[in-house]
Amino acid sequence: MRRAILVSIASLLLGLPLSLAVVSGLCALAGMTGTERLHSVMVAGPVLWTVQWFVALWIATPAKAAPSSAKQPSR
C-alpha cells in the first residue's frame, strides 16, 4: 500500500507536468496554435497522465503468488 501511495504522489508531482509538456510540444511540432492547442493539451495531457499513472501502479504492485496450499497432481 505504501508503494502505491508513493507512486501516486510521484506521478502527480512529476508525471502530470511532464505529460502536459509532452503534449504541448507535440502540438507545437504539429503547428497547432492558440485555442486549438490549448484545448488539445487540456484533453490529451490528463489522458496521457492517467494512462501513465495506471501503468506505474501496475508495475509497482507486486504479483500475487500462487496459494501455497495448492497441491500438484501426482502421477
Side-chain angles (χ1 to χ4, degrees):
M1 181 69 175
R2 175 182 272 174
R3 186 183 299 176
I5 292 171
L6 292 175
V7 167
S8 294
I9 291 171
S11 178
L12 182 62
L13 294 176
L14 298 173
L16 184 58
L18 287 176
S19 66
L20 292 173
V22 165
V23 171
S24 180
L26 291 174
C27 289
L29 287 175
M32 298 169 81
T33 58
T35 307
E36 182 183 33
R37 181 173 170 183
L38 179 65
H39 287 167
S40 296
V41 171
M42 288 174 57
V43 172
V47 169
L48 178 66
W49 171 70
T50 303
V51 169
Q52 174 262 328
W53 179 50
F54 280 114
V55 168
L57 285 176
W58 181 67
I59 291 171
T61 305
K64 292 184 180 179
S68 60
S69 63
K71 296 182 181 180
Q72 298 292 334
S74 58
R75 293 183 175 178

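Here the structure is a predicted model, which is why all the values come from computation and not from measurement.
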key: side chain to side chain donor-acceptor pair (under 3.5 Å) involving S8 - partner list, sequence neighbours excluded   = W53
inquiry  = Using the side-chain contact (heavy atoms from CB on, under 4.5 Å) criterion, which residues pair with I9? Sequence neighbours excluded.
reply    = I5, L13
message = List the residues meeting side-chain contact (heavy atoms from CB on, under 4.5 Å) with A60, not counting sequence neighbours, and say none if there are none.
response = R3, V7
task = Could you list all the side chain to side chain donor-acceptor pair (under 3.5 Å) pairs where at least one residue sits in residues 10-20, not counting sequence neighbours?
result = S11-W49, S11-Q52
inquiry  = I'd like to check the side chain to side chain donor-acceptor pair (under 3.5 Å) partners of S24; sequence neighbours left out, ordered by chain and number.
reply    = R37
note = For V43, the other hydrophobic cluster members (4.5 Å side-chain criterion, sorted by chain and number) are none
remark   = Result for side-chain contact (heavy atoms from CB on, under 4.5 Å) between L48 and one of L18, V23, L20 points to V23
ask   = Are V22 and L12 connected in a single hydrophobic cluster, I mean Ile/Leu/Val/Met/Phe/Trp/Tyr linked by side-chain heavy atoms less than 4.5 Å apart?
value = yes
